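Notes follow once the structure below has been shown.
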Amino acid sequence: MGAAMRRIQVGSALSSFGVGFTVPFLYVYVAEVRGLGAGAAGIVLAAFAMAALVVLPFTGRAIDRRGPVPVLVVATLVAAVGALGLGLAGSQTTAILSAAVLGAGTAVIQPALATMIVWTSTPDTRTRAFAMQFFLQNLGLGIGGLIGGQIVDESRPSSFTLLFGIEAVMFLVLAGVVGFVRMPYAPTIGGAVPKGGSGTGGGLRALFRHRAMVQLCVLGFVLFFACYGQFESGLSAYGVEAAGISPSTLGIALAANTAMIVVAQFAVLKFVERRRRSRVIAAVGLVWAIAWLAAGYAGVGHGSQAMATAAFISTYALFGLGEAMLSPTVAPLVADLAPAGMVGQYNSAFALVKQLALAVGPAVGGPMGAALHGPYIVTFVLFSLGITFLAVRLGRHLSPVQDRPSLAKSRIVAEGGASAEPVPAAAAV
């Protein structure tokens, strides 16, 4: 990595470390420590998500017009204010407003960081750059959660104020680390501009005309809906109600998920790098289908409690394996599909799809996981198989180099011998 990329990765890891201090404890903090009740805690979590949905449609154009660095710096300052406000919140109104400010800031940070990674990498190094970011972010979240868990004390609200203060400081550290990064402009893979569009405009209309990107967004919604949208809602409710899993075991399952990502990320990367991205995503669908079947055995099987617990923990570990396969695949593909001058808009559009899935997932999966155990498992096994189907279909609309970046080193592809589309002048560097 060059100096710019190192600073981006370090800043990203430190901000995730700060977020890890507060995310596991936000519900308990609002509902019990501040005594605002479960209803207020639900509204706070909803405000956090809705703020992201409001700001993301405008984020991409700001990144492409102003550059990712100033947008990131402003977002980190906003997020720091929101985190500090939550730590000091004593009323429901203050907590909701602070959560909205924090949600808006953190929502903008991710596409800005993704654009910075694109601009400081090449198509040949982008896969490893995004894999490294995912690895460091999960490591930061895990370590932050572990340390935060040792600090919190429900009888002392000041301990939670300290956690939110640390989170605010980490956002400011992110701004300081990456705020002075000099951004080179890196080209995207050729053949990415949709027919009838230009490389330097068109906005959302150009994005909607780009069939491969639209299909990737649909696939992304299903991915996040069937995995991340279930972690802390439907799947945990299912584990408690159907499999008799204790809250402490839920913590072990989440730890198994993080451990799998940390252990498997770079081993998986070697496997993924020279294979078609669409086929890797299709394989993730199969892995997650097996994970849901393991969860089904844990809840509706007739094994012992020990077997049910092992199967449930295995579900989270298998999800982690799929996540490790996705991290060097999906985010670089979004970047490589983006025309010149629209990288920020493509990253923000995909982040918006992710946020929608994370909002809809708990609303659908929570009630099903708690009460409709068999239908819940069948539904998400089918969603996982749908990922495989959509990924194979997406592969038909990608150029050979977009689907397998390692082909860029081939002289045949470089000379235009493959079936890739010609590169428009606006996309050429």
Side-chain angles (χ1 to χ4, degrees), residues 8 10-31 33-34 36 40-60 62-63 66-116 137 140-141 144-145 147-148 151-152 157-181 344 348 351-352 355 358:
I8 294 168
V10 169
S12 176
L14 290 174
S15 67
S16 296
F17 173 73
V19 171
F21 271 86
T22 61
V23 166
F25 316 109
L26 182 57
Y27 180 90
V28 173
Y29 169 70
V30 175
V33 176
R34 291 300 182 185
L36 300 178
I43 296 174
V44 166
L45 292 172
F48 185 90
M50 291 303 299
L53 295 178
V54 169
V55 300
L56 279 171
F58 308 99
T59 300
I63 291 173
R66 305 294 182 185
V69 174
V71 173
L72 178 67
V73 170
V74 171
T76 54
L77 296 177
V78 170
V81 170
L84 192 59
L86 262 178
L88 299 173
S91 67
Q92 180 173 328
T93 301
T94 306
I96 293 171
L97 291 176
S98 298
V101 172
L102 178 60
T106 54
V108 175
I109 288 173
Q110 289 308 312
L113 279 173
T115 304
M116 293 179 73
Q137 283 183 334
L141 284 170
I147 297 176
I151 295 176
V152 294
S158 60
S159 66
F160 288 84
T161 302
L162 175 62
L163 294 188
F164 284 101
I166 293 172
E167 182 182 25
V169 170
M170 289 298 102
F171 284 129
L172 297 178
V173 170
L174 172 61
V177 170
V178 304
F180 300 99
V181 171
S348 296
L352 178 60
Q355 196 63 40
L358 295 181

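Keep in mind that this is a model prediction, so the values were computed, not measured. Residue indices begin at 1 and follow the sequence shown.
- A donor-acceptor pair is defined here as one N or O able to donate and one able to accept, closer than 3.5 Å; such a pair exists between the side chain of R34 and the backbone of A89.
- Between V178 and V69, every side-chain heavy-atom pair lies at or beyond the 4.5 Å cut-off.
- When all heavy atoms of A83 and L102 are compared, the pair lying nearest together is N-CD1, 4.0 Å.
- Distance alone, capped at 3.5 Å, is enough to place a donor-acceptor pair between the T161 side chain and the G87 backbone.
- A 4.5 Å side-chain heavy-atom check between F171 and I109 finds at least one atom pair inside the cut-off.
- The structure places CG of L86 at 12.0 Å from CG of L163, a figure rounded to the nearest 0.5 Å.
- Here the side chains of T22 and Y29 are not in contact, with every heavy-atom distance at 4.5 Å or above.
- Taken to the nearest 0.5 Å, the CD atom of Q355 stands 12.0 Å off from the OG atom of S348.
- In plain terms, the two heavy atoms of S16 and Q137 that are nearest each other are OG-CG, 3.2 Å.
- Minimum heavy-atom separation, V71 to G67: CG2-O, 3.4 Å.
- When every heavy atom of A107 is checked against every heavy atom of A52, the shortest pair comes out as CB-CB, 3.4 Å.
- Between A168 and L84, the closest heavy-atom pair is CB-N, 4.3 Å.
- Partner L172 forms a side-chain contact (heavy atoms from CB on, under 4.5 Å) with one of V177, T76, L77 and no other, that one being L77.
- How far CD1 of I43 is from CE of M50: 13.0 Å, rounded to the nearest 0.5 Å.
- Listed here is the closest heavy atom pair of I8 and L113: CG2-CD2, 4.0 Å.
- Judged purely by atom type and a 3.5 angstrom limit, T94 has no side-chain atom pairing as donor or acceptor with the backbone of G90.
- You'll find the side chain of L97 stays beyond 4.5 Å of the side chain of V101, heavy atoms only.
- Between T59 atom OG1 and Q110 atom CD the span is 11.5 Å, to the nearest 0.5 Å.
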